[in-house]
Amino acid sequence: MSKNAGSFQENIRKTFIRYSIAPVAAVAMAIFVLFAVVWINFMENSNRTDNQKSCSEITRIMNIYYEMVDDVSDVLIEENDDGINKASEGTGIDDSNDELPQSRIFTALYNRTATFGDIGNLIILSKDRKVLFTSKKTTPKFLIAEEYSNWGVWNSIKKNEGKTSTVLYEKNLCIGKGVYEEGSLKYAICYIIPSEVISGAISVQDRFVILTDSNGFVYASNTKNMQDEYGQVEGSFYNNSGYLRYDGSLYYVFSNKTDKGLVLYTINEISRSLELIWVFVAIVIVIFIAIALITIRSTA
């Protein structure tokens, strides 16, 4: 009789463990797995969404600046044509000079950039680097010094004949375009974008953000890390998207290239979040083990 009672008690204890503790533990582990999957998907999707939103805003701003440079180019072309026509009406010799229609250029500049607060620095030069117009009365050395005549902005203007292009040079984000006459460069247009305008487009991010040119040189960033001594984004991140380990930490990075040659990196450091999740899982496991031991002893 006592043997049967003991067996019955043992069966009750095993049944209780099997149908109470084990299912709860299984459900808890499933919840943890589901939470991890949802968290990872949310983190990835929010990263990509914020990146694409910022890229769209950067593209919108850059398009406005491109249109402004094209407007200025049209003014210079019209002025050049008018000068040639007026000269041909007289002696037949083109005696047009380098005097530019200041008011029309300022109008083209203000019409496109006034909403940004800072109109930026629009500089127009002759083919021999003589300054013909500047909106801020200052001109960087890399536009006027002879040793830069085939570098940076000048190289882009000469390489992309008659086309507007973006150049990052000495931490200046520039838009350059050459105005050509019969295949010969007549004017060089350079617009230096106010740094706060582009930086404002990425300042709302709640993660690491790095904006570079196509070669990886950093223009704007909310972190001093992830850059090498040359001012380029670290090689591990360059043109990379996905999970990667850098400097002992795990990151999720998403990179996106705009049609104006700029690349935006949005980066989440997930090592600390994973550590917190594992700590939480460990605490719950310890609690379940404690409950299981108490239950087993109480039913013994």
Side-chain angles (χ1 to χ4, degrees), residues 57-146 148-149 152-154 156-158 160-170 172-201 260:
E57 178 62 11
I58 291 171
T59 298
R60 184 189 71 84
I61 294 170
M62 294 296 291
N63 283 337
I64 292 173
Y65 288 139
Y66 265 55
E67 290 166 358
M68 181 272 295
V69 170
D70 289 340
D71 290 345
V72 172
S73 174
D74 291 340
V75 170
L76 295 177
I77 291 173
E78 293 172 7
E79 179 68 16
N80 185 60
D81 291 342
D82 290 343
I84 293 175
N85 291 334
K86 289 178 181 179
S88 62
E89 290 174 0
T91 61
I93 301 175
D94 181 9
D95 58 355
S96 58
N97 53 36
D98 289 330
E99 291 295 327
L100 299 181
Q102 305 277 330
S103 61
R104 292 181 63 195
I105 294 174
F106 266 114
T107 298
L109 174 63
Y110 276 105
N111 284 346
R112 299 288 187 181
T113 64
T115 57
F116 296 122
D118 188 341
I119 64 171
N121 195 3
L122 176 65
I123 304 165
I124 303 175
L125 306 101
S126 64
K127 61 181 180 181
D128 57 353
R129 301 178 307 283
K130 177 184 176 183
V131 178
L132 307 177
F133 175 94
T134 174
S135 60
K136 288 197 170 181
K137 308 303 180 185
T138 58
T139 305
K141 182 180 178 181
F142 63 80
L143 289 177
I144 56 177
E146 184 176 359
Y148 295 93
S149 59
V153 177
W154 283 103
S156 179
I157 288 174
K158 293 175 181 179
N160 301 288
E161 182 174 332
K163 296 180 180 179
T164 309
S165 58
T166 303
V167 181
L168 178 60
Y169 200 78
E170 296 185 357
N172 293 280
L173 187 59
C174 308
I175 298 176
K177 182 177 183 179
V179 177
Y180 284 77
E181 178 186 351
E182 297 181 353
S184 178
L185 178 64
K186 186 171 181 63
Y187 301 113
I189 304 171
C190 177
Y191 179 73
I192 302 177
I193 297 174
S195 59
E196 61 270 18
V197 175
I198 299 297
S199 297
K260 299 300 186 291

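Bear in mind the structure is a predicted one, so any value in this text is a computation, not a measurement.
- Here CG of N160 is found 4.5 Å from OG of S165. Values are rounded to the nearest 0.5 Å.
- Taking all atoms of both residues into account, the shortest heavy-atom contact from L122 to S135 is N-OG, 2.8 Å.
- Evaluated for a side chain to side chain contact (heavy atoms under 4.5 Å, CB included) with L76, the options D71, L132, V179 yield exactly one hit, V179.
- Side-chain contact between I123 and L125: present, with at least one pair of heavy atoms (C-beta onward) separated by less than 4.5 Å.
- Under the 3.5 Å distance criterion, the side-chain polar atoms of T166 are matched with a main-chain donor or acceptor of K260.
- Atom CG of L100 and atom OG of S126 lie 9.5 Å apart (nearest 0.5 Å).
- The OG1 atom of T113 sits 7.5 Å away from the OH atom of Y110 when rounded to the nearest 0.5 Å.
- Not a single side chain to side chain donor-acceptor pair (under 3.5 Å) links Q102 to another residue, sequence neighbours left out.
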Criterion side-chain contact (heavy atoms from CB on, under 4.5 Å) on C174 and L168, from CA distance to verdict = CA-CA 6 Å; C174 308; L168 178 60; over 6 Å; no
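- Both the sub-6.0 Å distance and the 45° axial angle are not jointly satisfied by K141 relative to the ring of Y148.
- Annotation: K158, atom NZ; neighbour count of heavy atoms from other residues, nucleotides and ligands within 6.0 Å is above 12.
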inquiry  = Please determine whether side-chain contact (heavy atoms from CB on, under 4.5 Å) holds for the pair Y187 and K177, giving the CA-CA distance in whole Å, both sets of side-chain angles, and the decisive distance to 0.1 Å.
reply    = CA-CA 9 Å; Y187 301 113; K177 182 177 183 179; over 6 Å; no
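- A donor-acceptor pair under 3.5 Å is formed between the side chain of N121 and the backbone N or O of T138.
- Pairing each heavy atom of D70 with each of T164, the nearest pair is OD1-OG1, 2.9 Å.
- Here the straight-line distance linking atom OG of S195 with atom CG of N172 works out to 9.0 Å at 0.5 Å rounding.
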Test side-chain contact (heavy atoms from CB on, under 4.5 Å) applied to R112 and V69, step by step = CA-CA 9 Å; R112 299 288 187 181; V69 170; over 6 Å; no
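- Interatomic distance, CD1 of I189 versus CE of M68, reported as 9.0 Å (0.5 Å rounding).
- Salt bridge status for D118 with K136: present, with a side-chain N to carboxylate O gap under 4.0 Å.
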Intermediate values then yes/no, side-chain contact (heavy atoms from CB on, under 4.5 Å), V131 and I124 = CA-CA 6 Å; V131 178; I124 303 175; over 6 Å; no
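- Shortest non-hydrogen contact noted between P194 and I119 is CG-C, 4.4 Å.
- With contacts defined as side-chain heavy-atom distances shorter than 4.5 Å, the pair I175/C190 does not qualify.
- S184 contributes no side-chain N or O that, together with a main-chain N or O of E181, makes up a donor-acceptor pair within less than 3.5 Å.
- Residue pairs meeting the ring pair (Phe, Tyr, Trp, His ring centres under 6.0 Å) criterion with at least one partner in residues 123-142, sequence neighbours excluded, are F106-F133, F142-Y169.
- Note: L185 CG to Y180 OH = 4.5 Å, rounded to the nearest 0.5 Å.
- Environment of NZ in K163: sparse, with no more than 12 heavy atoms of neighbouring residues, nucleotides or ligands closer than 6.0 Å.
- When all heavy atoms of S149 and R129 are compared, the pair lying nearest together is CB-NH1, 3.8 Å.
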